[in-house]
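Here is the structure we will look at.
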Amino acid sequence: MAVDLHLHSNVSDGTDPPAVLMELAARAGVTVAALADHDTLDGLEEAAGAAERLGIRLIPAVELSVDHEGSKMHMLVYFTEPGPGPLQDRLAALLQGREERNTLMVDKLNALGFEITIEEVERQANGPSVGRPHIADALIERGYFSHRNEAFADLLRDGGAAYLPRTRLTAEEAITLARSANQVPVVAHAKTIPVPDGGYRALFEDLATIGLGGIEAYHSMHEPELRDHLAELAHSLGLAATGGSDFHGIGKRDYKIATGTGDLRIPDWVVDDLDAQRS
Ligand code: AMP
Ligand code: ZN
Ligand code: FE
Ligand code: FE
């Protein structure tokens with residue numbers, strides 16, 4: 001038995017369709033899974049049908065990129081049922097921001113001598129959440145690179161020659177919208193947040209007062225010591241400790257479902273932690 005509360009399908013920038021993703025999860029022994037595509041809930045219906053057939057409990061989720069006091073972080077929001085809702089309604093604006101930014105990034109790439117079109121970029125995606133990974137795929141299709149990582153390193157990374165920022169919510173907005181609909185906001189892969197040495201406590205104390213529900217402690221990118229530290233920190237603040245691989249199919253080929261880069265062990269109790277955050 002295994003759990004994995006952070007999976008991406010090709011409705012955003014993973015490479016497997018939602019139903020296939022659930023089959024892969026079942027094969028990995030996963031009994032509780034969360035689909036957390038970037039900025040969109042469009043994969044949830046297909047995933048739910050497959051999960052039911054496979055005997056998996058699917059927790060619907062979404063992953064947002066948010067700003068907080070000058071730094072960027074990713075926020076997972078759990079229990080995002082499809083259909084209208086305060087957060088759901090904001091996703092449309094985020095997708096619109098992506099469209100505008102993609103067009104401008106293609107212009108930048110054209111000016112740099114890379115011959116790709118916005119149509120080619122959009123064709124790489126299976127849904128509305130189109131972004132840098134799909135721009136990378138279009139560049140690969142044209143023969144400029146052989147893997148997404150290379151395109152990011154050369155051009156697309158934050159601050160890279162073709163990079164442009166996009167519309168984002170603040171952490172406070174995301175937390176407030178989520179909590180207003182009994183959804184649970186959780187900070188993803190804290191390792192990517194620039195904090196002063198050992199400074200996670202101050203950050204999470206601050207976010208907990210706004211309504212944060214949890215910290216993703218067990219993530220492919222976290223060393224075992226960091227996982228334990230973040231889980232303890234979460235519990236000391238009355239927050240859930242959660243975990244997920246951040247599986248993207250071959251888009252991030254080192255991250256496997258449930259086991260991450262090999263030694264990830266996500267305790268089953270993270271599901272109880274998460275459930276306990278709902279009222
Ligand atoms: P965007 O949301 O369009 O700004 O694209 C950011 C997404 O690109 C992240 O959420 C990751 O899933 C993905 N990403 C970031 N760095 C890399 C990389 N080096 N290789 C592949 N995918 C990446
Ligand atoms: Zn992604
Ligand atoms: Fe993320
Ligand atoms: Fe992710």
Side-chain angles (χ1 to χ4, degrees), residues 2-30 32-51 53-54 56-65 74-78 80 82 91 94-95 98-99 102 120-141 145-152 156-157 166 186 188-189 192 216 218-222 242-262 264 266:
V3 305
D4 193 325
L5 302 182
H6 190 159
L7 301 168
H8 292 273
S9 80
N10 69 354
V11 168
S12 66
D13 62 348
T15 55
D16 301 291
V20 174
L21 181 66
M22 291 301 111
E23 278 164 30
L24 296 173
R27 220 175 295 163
V30 169
V32 185
L35 176 61
D37 275 316
H38 301 277
D39 297 347
T40 178
L41 306 177
D42 281 13
L44 291 172
E45 205 176 303
E46 180 184 323
R53 275 199 310 283
L54 295 159
I56 291 177
R57 176 184 170 199
L58 177 71
I59 299 177
V62 69
E63 184 174 19
L64 307 169
S65 307
H74 285 187
M75 188 79 68
L76 295 157
V77 179
Y78 291 98
T80 47
L91 297 179
L94 298 180
L95 293 176
R98 280 185 174 277
E99 263 185 61
N102 290 334
E120 284 167 13
V121 171
E122 284 169 356
R123 194 152 39 73
Q124 309 298 325
N126 186 43
S129 184
V130 184
R132 286 184 281 167
H134 307 104
I135 297 176
D137 291 343
L139 289 164
I140 291 166
E141 193 178 83
F145 298 98
S146 60
H147 190 270
R148 284 180 182 179
N149 289 339
E150 293 171 16
F152 270 86
L156 304 174
R157 66 186 158 74
R166 61 184 177 79
V186 172
H189 43 68
T192 60
E216 186 182 49
Y218 304 92
H219 183 275
S220 299
M221 195 185 268
H222 294 168
T242 72
S245 63
D246 213 353
F247 179 76
H248 279 72
I250 57 166
K252 284 190 184 169
R253 56 194 160 184
D254 297 340
Y255 294 178
K256 306 284 186 257
I257 296 176
T259 55
T261 57
L264 185 64
I266 303 165

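- Between atom CG of residue L44 and atom CG of residue L58 there is a gap of 6.5 Å, rounded to the nearest 0.5 Å.
- Between the side chain of N102 and the backbone N or O of V130 there is at least one donor-acceptor pair closer than 3.5 Å.
- In terms of modelled atom types and a separation under 3.5 Å, the side chain of S12 and the main chain of D37 share no donor-acceptor contact.
- Of the possible donor and acceptor atoms, one in the side chain of S220 sits under 3.5 Å from a partner among the backbone N and O of S245.
- Screening V20, L21, D42, N126 for a side chain to side chain contact (heavy atoms under 4.5 Å, CB included) with S9, the sole residue that qualifies is L21.
- Listed by chain and number, the residues in a side-chain contact (heavy atoms from CB on, under 4.5 Å) with E141 are R123, Q124 (sequence neighbours excluded).
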Quiz: residues 248-262 side-chain donor-acceptor pairs under 3.5 angstrom, not counting sequence neighbours:
| residue | atom | partner | partner atom | Å |
| --- | --- | --- | --- | --- |
| H248 | ND1 | D246 | O | 2.8 |
| H248 | NE2 | D13 | OD1 | 3.3 |
| K256 | NZ | R253 | O | 3.0 |

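- A distance-only check finds no donor-acceptor pair linking the side chain of Y78 to the backbone of A34 [under 3.5 Å].
- We find the CZ-CG distance between R27 and L54 to be 10.0 Å, quoted to the nearest 0.5 Å.
- Here the straight-line distance linking atom CG of L41 with atom OG1 of T80 works out to 5.0 Å at 0.5 Å rounding.
- Within a 6.0 Å sphere centred on CD of E122, heavy atoms belonging to other residues, nucleotides or ligands number more than 12.
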Item to check | Stepwise side-chain contact (heavy atoms from CB on, under 4.5 Å) check, E63 with H189 | outcome: CA-CA 11 Å; E63 184 174 19; H189 43 68; 3.4 Å; yes
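- Atom CD1 of I266 and atom NE2 of H219 lie 9.0 Å apart (nearest 0.5 Å).
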